[in-house]
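This one's a predicted model, so the numbers in the text were calculated from it and none came from an experiment.
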Amino acid sequence: MTTTDYSVKGMTCSHCADAVTGEISRIDGVSAVDVDVDSGRVSVTSTAPLDNAAVAAAVDEAGYELQS
(Lines give C-alpha, C1' and ligand atoms only; values in the text may rest on other atoms or scores of the structure.)
Protein backbone atom coordinates (compact mmCIF):
# COMPACT_ATOMS: atom_id res chain seq x y z
CA MET A 1 0.00 0.00 0.00
CA THR A 2 1.07 3.53 -0.79
CA THR A 3 -0.26 6.74 0.76
CA THR A 4 0.20 10.04 -1.06
CA ASP A 5 -0.86 13.51 0.10
CA TYR A 6 -2.17 16.11 -2.31
CA SER A 7 -3.23 19.72 -1.93
CA VAL A 8 -6.58 20.69 -3.46
CA LYS A 9 -7.71 24.27 -3.98
CA GLY A 10 -11.30 25.43 -3.62
CA MET A 11 -12.87 23.00 -1.15
CA THR A 12 -15.01 24.67 1.51
CA CYS A 13 -17.49 22.12 2.87
CA SER A 14 -18.41 18.47 3.34
CA HIS A 15 -20.08 18.41 -0.08
CA CYS A 16 -16.72 19.40 -1.57
CA ALA A 17 -15.01 16.60 0.32
CA ASP A 18 -17.62 14.09 -0.85
CA ALA A 19 -17.22 15.15 -4.48
CA VAL A 20 -13.42 14.87 -4.38
CA THR A 21 -13.57 11.55 -2.51
CA GLY A 22 -16.04 10.12 -5.01
CA GLU A 23 -13.99 11.04 -8.07
CA ILE A 24 -10.62 9.94 -6.68
CA SER A 25 -12.13 6.68 -5.43
CA ARG A 26 -12.92 5.76 -9.05
CA ILE A 27 -9.21 5.55 -9.93
CA ASP A 28 -8.06 1.93 -10.21
CA GLY A 29 -6.14 0.79 -7.16
CA VAL A 30 -7.43 3.45 -4.74
CA SER A 31 -8.49 1.87 -1.47
CA ALA A 32 -9.07 4.96 0.73
CA VAL A 33 -9.39 8.73 0.43
CA ASP A 34 -9.20 11.07 3.44
CA VAL A 35 -10.07 14.74 2.87
CA ASP A 36 -9.37 17.60 5.28
CA VAL A 37 -11.36 20.55 3.94
CA ASP A 38 -9.81 23.09 6.33
CA SER A 39 -6.25 22.45 5.14
CA GLY A 40 -7.11 21.38 1.59
CA ARG A 41 -5.20 18.15 2.17
CA VAL A 42 -6.27 14.95 0.45
CA SER A 43 -4.57 11.72 1.51
CA VAL A 44 -4.97 8.82 -0.93
CA THR A 45 -4.12 5.21 -0.12
CA SER A 46 -3.61 2.92 -3.11
CA THR A 47 -2.18 -0.46 -4.01
CA ALA A 48 0.53 1.21 -6.14
CA PRO A 49 1.76 4.76 -6.77
CA LEU A 50 -0.83 6.79 -8.67
CA ASP A 51 -0.37 8.76 -11.86
CA ASN A 52 -0.56 12.42 -10.83
CA ALA A 53 -2.37 13.24 -14.09
CA ALA A 54 -5.14 10.78 -13.17
CA VAL A 55 -5.50 12.35 -9.72
CA ALA A 56 -5.52 15.86 -11.23
CA ALA A 57 -8.20 14.80 -13.74
CA ALA A 58 -10.36 13.31 -10.97
CA VAL A 59 -10.06 16.46 -8.85
CA ASP A 60 -10.89 18.59 -11.91
CA GLU A 61 -13.94 16.42 -12.63
CA ALA A 62 -15.11 17.10 -9.06
CA GLY A 63 -14.82 20.84 -9.79
CA TYR A 64 -11.62 21.65 -7.91
CA GLU A 65 -7.94 22.18 -8.65
CA LEU A 66 -4.97 20.03 -7.67
CA GLN A 67 -2.14 22.31 -6.56
CA SER A 68 1.40 21.43 -7.51
Give every donor-acceptor pair under 3.5 Å between a side-chain atom in residues 39-53 and any protein atom, sequence neighbours left out.
unit_1 : atom_1 : unit_2 : atom_2 : d
S39    : OG     : R41    : N      : 3.2
R41    : NH2    : D34    : OD2    : 3.3
S43    : OG     : D5     : OD1    : 3.0
T45    : OG1    : T3     : OG1    : 3.2
S46    : OG     : A48    : O      : 2.6
D51    : OD1    : A53    : N      : 3.4

Please tabulate, for side-chain N and O atoms in residues 54-66, each donor-acceptor pair with protein atoms closer than 3.5 Å (sequence neighbours left out).
none

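The line from OG1 of T21 to CE of M11 is 8.5 Å long, rounded to the nearest 0.5 Å.
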